[in-house]
Amino acid sequence: MGETVNQNKQRNCGVVGNLLSSPNMADTVERVVLLAEIEKGLRSRVAGIDGWLAEIGSSCKTDQRHCEEGTVERAYWHYGYAVAIKDVLDLLQSAAMPIN
């Protein structure tokens, strides 16, 4: 049988409580800072790409050729998207590794 809402809340609060009271709290804080840095870097990269697209007068947002089956743009879009996801996963993995 599944957990009740109260059991779920107690379990989750216990995990958070244990994490915050652990002797490795400094590691937790460092990981939060690292994740904030990763987010800042990703947002900066997005802003840079948006700026570059605006500068070159790209019509990507209106043409949407990546949505058309069989186009080179579609293949490049999916390739770029897959690479971006892998890069983010690598960043998240590096944030999950023990901090020395």
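Sequential numbering from 1 along the given sequence is applied to the chain's residues. What you are looking at is a predicted structure, and each value in this text was computed from that prediction instead of being measured.
- Closest approach of I38 and L91 over heavy atoms only: CD1-O, 3.5 Å.
- Applying the side chain to side chain contact (heavy atoms under 4.5 Å, CB included) test between R43 and each of R45, E39, K40 identifies E39 as the sole match.
- Across all their heavy atoms, L34 and S94 have their closest contact at CD2-O, 4.2 Å.
- One distance of note links OG1 of T71 with CG of D63; it measures 11.0 Å at 0.5 Å rounding.
- Residues satisfying the salt bridge (charged side-chain N to carboxylate O under 4.0 Å, His left out) test with E68, not counting sequence neighbours, are R65.
- In terms of the salt bridge (charged side-chain N to carboxylate O under 4.0 Å, His left out) criterion, residue partners of R74 (sequence neighbours excluded) are, by chain and number, E69.
- Note that the NZ atom of K61 and the CG atom of L53 stand 7.0 Å from one another [nearest 0.5 Å].
- Applying the under-4.5 Å side-chain rule to Ile, Leu, Val, Met, Phe, Trp and Tyr, the cluster around V72 extends to Y76.
- When hydrophobic clusters are built by joining Ile, Leu, Val, Met, Phe, Trp and Tyr residues whose side-chain heavy atoms come closer than 4.5 Å, directly or via intermediates, V83 is not grouped with V88.
- Under the 4.5 Å side-chain criterion, counting only non-hydrogen atoms from C-beta, Q64 is in contact with H66.
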